[in-house]
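Have a look at the structure below, then the notes.
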There are 2 protein chains.
Amino acid sequence: MQDVARFAGVSIATVSNVINRPEKVSAATTEQVRAAIAELGFVRNDAARSLATGTTSSIGMVLADLDNSLFVDMAHGAQQGADAVGLRLLIGNAACDMTRQDDYLRLFDEARVGGVLLSPMEDSLAGIERMRSHGRPMVLLNFEQSGADCCTVLVDNEEAGYVAARHLVETGRTRIGFVAGRDYYQPVHARRLGVQRAVRETGGVELEEIGTDGLGFEDGLAVAHDLAGRAADRRPDGIVAVTDEIANGIAEGLHATSAVQVPGDIAVVGCEDNRSARSGPVALTAVQLEGAAMGQAAAELLLEEMKTPAGEHRHRTVMIRPGLVVRASTAVPAPQA
Amino acid sequence: MQDVARFAGVSIATVSNVINRPEKVSAATTEQVRAAIAELGFVRNDAARSLATGTTSSIGMVLADLDNSLFVDMAHGAQQGADAVGLRLLIGNAACDMTRQDDYLRLFDEARVGGVLLSPMEDSLAGIERMRSHGRPMVLLNFEQSGADCCTVLVDNEEAGYVAARHLVETGRTRIGFVAGRDYYQPVHARRLGVQRAVRETGGVELEEIGTDGLGFEDGLAVAHDLAGRAADRRPDGIVAVTDEIANGIAEGLHATSAVQVPGDIAVVGCEDNRSARSGPVALTAVQLEGAAMGQAAAELLLEEMKTPAGEHRHRTVMIRPGLVVRASTAVPAPQA
DNA sequence: CTGAAAGCGCTTACAG
DNA sequence: CTGAAAGCGCTTACAG
């Protein structure tokens with residue numbers, strides 16, 4: 001900047017003004033300074049700028065796992081929200097590693113970013129409190145952190161279960177199966193409640209809750225094996241699987257035996273619509289967790305907090321309603337079938 | 001830091017030393033300072049640090065499209081490389097938008113990151129030159145940028161085509177089809193050459209090159225339609241599709257007619273092994289582009305350049321050999337078939 | 001082992 | 001409209 005000023009024959013204050021408040025500088029001077037900047041290939045030192053102003057033009061986002069498309073969707077949404085106000089979104093991928101998540105939190109804290117978006121996998125109260133105690137705006141995505149003093153964006157998982165089960169009922173299924181692991185994970189519990197509500201609301205529909213060990217493809221296969229061994233009238237004709245992976249495991253397992261057809265004999269719905277799970281034998285109908293909407297809502301909450309004077313901000317929790325993406329796995333059976 | 005120094009009854013220089021060179025400070029003093037830091041919740045201001053030292057502890061990575069798992073793989077690899085030397089990886093997602101790509105390049109430049117990893121979609125010479133003229137280390141991934149003055153990591157696309165075709169030949173296929181769009185994209189051209197080489201090397205194998213308009217699922221469907229209409233001896237028994245999407249389109253199209261079986265009548269190989277393309281009716285055998293290996297190699301080249309005195313560094317190009325992931329779409333037909 | 005002081009490159013009132 | 005000067009929060013030789 002020194003060099004630019006010298007080259008253009010002005011003071012460094014003027015150079016700074018040309019960059020930041022061009023309206024305060026005469027056209028002629030502006031021209032000279034711009035020419036000097038171009039000639040010298042000058043790039044403003046952001047560290048110095050942010051030291052002097054105490055602000056940054058970027059916000060940080062720490063994601064639990066980029067391999068999971070839900071988080072990529074969140075990044076898209078947040079990006080859009082940030083773009084709208086000219087902020088840049090920097091992403092740190094924790095890759096399921098809590099230590100790394102903490103590293104990124106610290107990095108963003110030290111870098112004095114304008115704010116942080118965090119989508120954690122596990123309890124992260126310590127990191128959150130550290131951030132908050134430094135007065136840094138922060139919003140949580142897709143995780144209900146008890147005790148956390150910040151805004152949160154959640155998807156309504158109870159509604160997700162409800163929507164999935166409703167869809168089956170509305171397409172004529174009457175014996176609903178809910179396949180899930182234990183209620184240790186918050187979303188599992190919530191989706192179960194939603195399914196139960198949908199069944200309760202509807203006359204003439206039964207619910208069977210089928211337990212699994214885990215939440216993966218293998219668990220779905222095991223369930224399929226069980227189902228295939230039952231008499232036709234002793235098994236569900238519609239299944240809500242708590243994860244896409246389980247859903248695909250079920251579809252694959254049934255497909256392999258070829259004794260039971262999907263969707264002919266059993267319709268299957270997943271609860272996530274995750275791109276990384278699109279490997280099943282039938283395209284999977286799934287509840288859409290609206291990652292992009294979550295990301296955008298989170299960015300908006302963050303921006304709101306960033307521009308609100310400290311002390312006046314009131315935390316909010318935004319609940320996103322899930323959608324439904326209908327595909328082949330719940331197609332209505334042909335009339336004569 | 002002022003506050004910490006006052007609180008601990010030492011000078012700020014000592015605080016700085018405790019943080020950065022603890023060995024230069026007596027144990028007792030260190031203890032007091034640490035206590036003060038903990039008590040006050042002090043966080044080093046990274047902007048000031050980087051202004052004073054002229055260095056940063058992070059490197060930037062600009063990715064063309066996080067929705068494409070190849071780029072996520074690259075991020076994983078780069079992360080690993082950066083972790084190994086204690087650098088943090090900051091990700092910017094261009095999301096297929098060249099303007100945004102340029103924004104991130106500028107952001108990282110202004111932030112004076114230690115170096116930048118760029119995986120572009122299109123010619124990005126201007127941005128690269130700007131970066132280089134500021135002396136910032138930079139390495140390119142998965143793109144041959146003519147005129148670019150920096151290290152590059154590429155996957156060997158000629159080899160990818162070769163590996164795919166070899167696999168078909170080795171599993172007994174003798175009439176190979178190569179399905180691709182025009183050679184406008186560098187990788188398409190290279191993969192074609194590889195397929196041709198594999199066929200040329202092998203006796204008794206024919207090659208048919210089938211053109212498509214684009215590189216997507218629809219294009220594959222169209223090819224399937226054509227194929228299904230041919231007599232059995234007039235169509236290939238093994239197909240290399242230049243993209244996974246085309247491959248899945250072909251498999252889906254053939255599956256729908258059910259006149260031609262995959263892999264029974266025709267085996268299909270894709271050339272990318274992209275997770276977002278895993279929606280076909282048969283699990284797809286595909287050449288694996290080794291995104292993680294590319295990312296790691298790129299990080300290593302970057303770190304090498306970062307620690308080499310300016311002027312002494314010599315740019316290199318690293319070529320990664322693709323692998324092969326065998327799945328159902330190229331299973332050998334049962335003997336009696 | 002510890003402290004006083006200069007400097008990193010910018011921004012921002014404040015004079016002129 | 002433009003410039004001189006202080007200050008942002010740290011680091012780093014250099015004395016002591």
Side-chain angles (χ1 to χ4, degrees), chain A residues 1-37 40-58 86 88 106-114 134-136, chain B residues 1-37 40-58 86 88 106-114 134-136:
Chain A
M1 197 141 143
Q2 284 271 33
D3 301 338
V4 173
R6 195 175 311 127
F7 192 94
V10 298
S11 76
I12 61 170
T14 301
V15 175
S16 175
N17 280 333
V18 168
I19 296 174
N20 300 306
R21 313 114 143 226
E23 74 281 3
K24 313 211 95 186
V25 185
S26 73
T29 312
T30 301
E31 213 28 67
Q32 281 177 62
V33 173
R34 283 202 199 294
I37 288 176
L40 270 36
F42 166 77
V43 180
R44 183 192 343 66
N45 184 322
D46 200 51
R49 173 195 169 82
S50 101
L51 179 57
T53 64
T55 65
T56 337
S57 65
S58 42
R88 218 116 296 147
R106 245 177 253 280
L107 169 66
F108 287 137
D109 201 10
E110 293 188 356
R112 302 287 194 274
V113 294
H134 303 152
R136 199 160 313 290
Chain B
M1 199 144 141
Q2 285 271 32
D3 301 338
V4 174
R6 195 175 313 128
F7 193 95
V10 298
S11 77
I12 61 170
T14 301
V15 176
S16 175
N17 279 334
V18 168
I19 296 174
N20 300 307
R21 313 113 143 227
E23 74 281 2
K24 312 213 94 187
V25 184
S26 73
T29 311
T30 301
E31 214 28 69
Q32 282 177 62
V33 172
R34 283 202 199 294
I37 288 177
L40 270 36
F42 166 77
V43 181
R44 183 189 345 65
N45 184 322
D46 199 50
R49 173 196 171 82
S50 102
L51 179 56
T53 64
T55 64
T56 337
S57 65
S58 42
R88 218 114 302 145
R106 246 177 254 278
L107 169 66
F108 287 137
D109 201 11
E110 293 187 355
R112 302 288 193 272
V113 295
H134 304 152
R136 199 159 316 288

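So that the names make sense, note that chain A is the first sequence line, chain B the second, and so on, each numbered from 1.
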Judged by atom type as modelled, is there a donor-acceptor pair below 3.5 Å linking the side chain of Thr53(A) to the main-chain atoms of Arg49(A)?
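A pair under 3.5 Å: yes.
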
Ignoring hydrogens and geometry, is there a side-chain-to-backbone donor-acceptor pair from Thr56(A) to Ser58(A) under 3.5 Å?
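A pair under 3.5 Å: no.
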
Under 4.0 Å, heavy atoms only, any strand: does Ser50(A) hit a base, just the sugar-phosphate, or nothing?
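No contact at all - Ser50(A) keeps every heavy atom at 4.0 Å or more from the nucleic acid.
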
Does a side-chain heavy-atom distance below 4.5 Å link [X] with [Y]?
| X | Y | value |
| --- | --- | --- |
| Phe42(A) | Asp3(A) | no |
| Pro22(B) | Val25(B) | no |
| Val113(A) | Leu107(A) | no |
| Arg112(B) | Val43(A) | yes |

Does dC1(D) have its OP1 or OP2 closer than 4.0 Å to a side-chain nitrogen or oxygen of Thr14(A)?
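Indeed not, no polar side-chain atom of Thr14(A) lies that close.
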
The criterion is salt bridge (Lys or Arg N to Asp or Glu O under 4.0 Å); which residues satisfy it with [X], sequence neighbours excluded?
| X | answer |
| --- | --- |
| Arg106(A) | Asp102(A) |
| Arg136(B) | Asp109(B) |
| Arg44(A) | Glu110(B) |

What closest approach, in Å, do Ser11(A) and Ala5(A) show between heavy atoms, and which atom pair accounts for it?
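Closest approach of Ser11(A) to Ala5(A), heavy atoms only: C-CB, 3.7 Å.
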
Taking only Watson-Crick and G-U wobble pairs with both distances under 3.5 Å, what dot-bracket line describes DNA chain D, where [ ] shows pairs that cross earlier ones and | shows pairs with another strand?
|||.||||||||.|||

Could you write out each protein N or O paired with an N or O of nucleotides 14-16 of chain C at a distance under 3.5 Å?
none

Send over the distance from Glu23(A) CD to dT2(D) P, rounded to a whole Å.
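Rounding to the nearest Å, CD of Glu23(A) and P of dT2(D) are 13 Å apart.
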
Atom pair distance, as rounded to whole Å: NZ in Lys24(A) and C1' in dG3(D):
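Roughly 14 Å, once rounded to whole Å.
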
Polar pairs (N or O, both sides) under 3.5 Å between protein and nucleotides 9-13 of chain C?
from    : atom 1 : to       : atom 2 : distance (Å)
dG9(C)  : N2     : Ala48(A) : O      : 3.3
dC10(C) : OP1    : Asn45(A) : N      : 3.1
dC10(C) : OP2    : Met1(A)  : N      : 3.0
dT11(C) : OP1    : Asn20(A) : ND2    : 2.9
dT11(C) : OP1    : Arg49(A) : NH1    : 3.1
dT11(C) : OP2    : Ser16(A) : OG     : 2.6
dT11(C) : OP2    : Asn20(A) : ND2    : 3.2

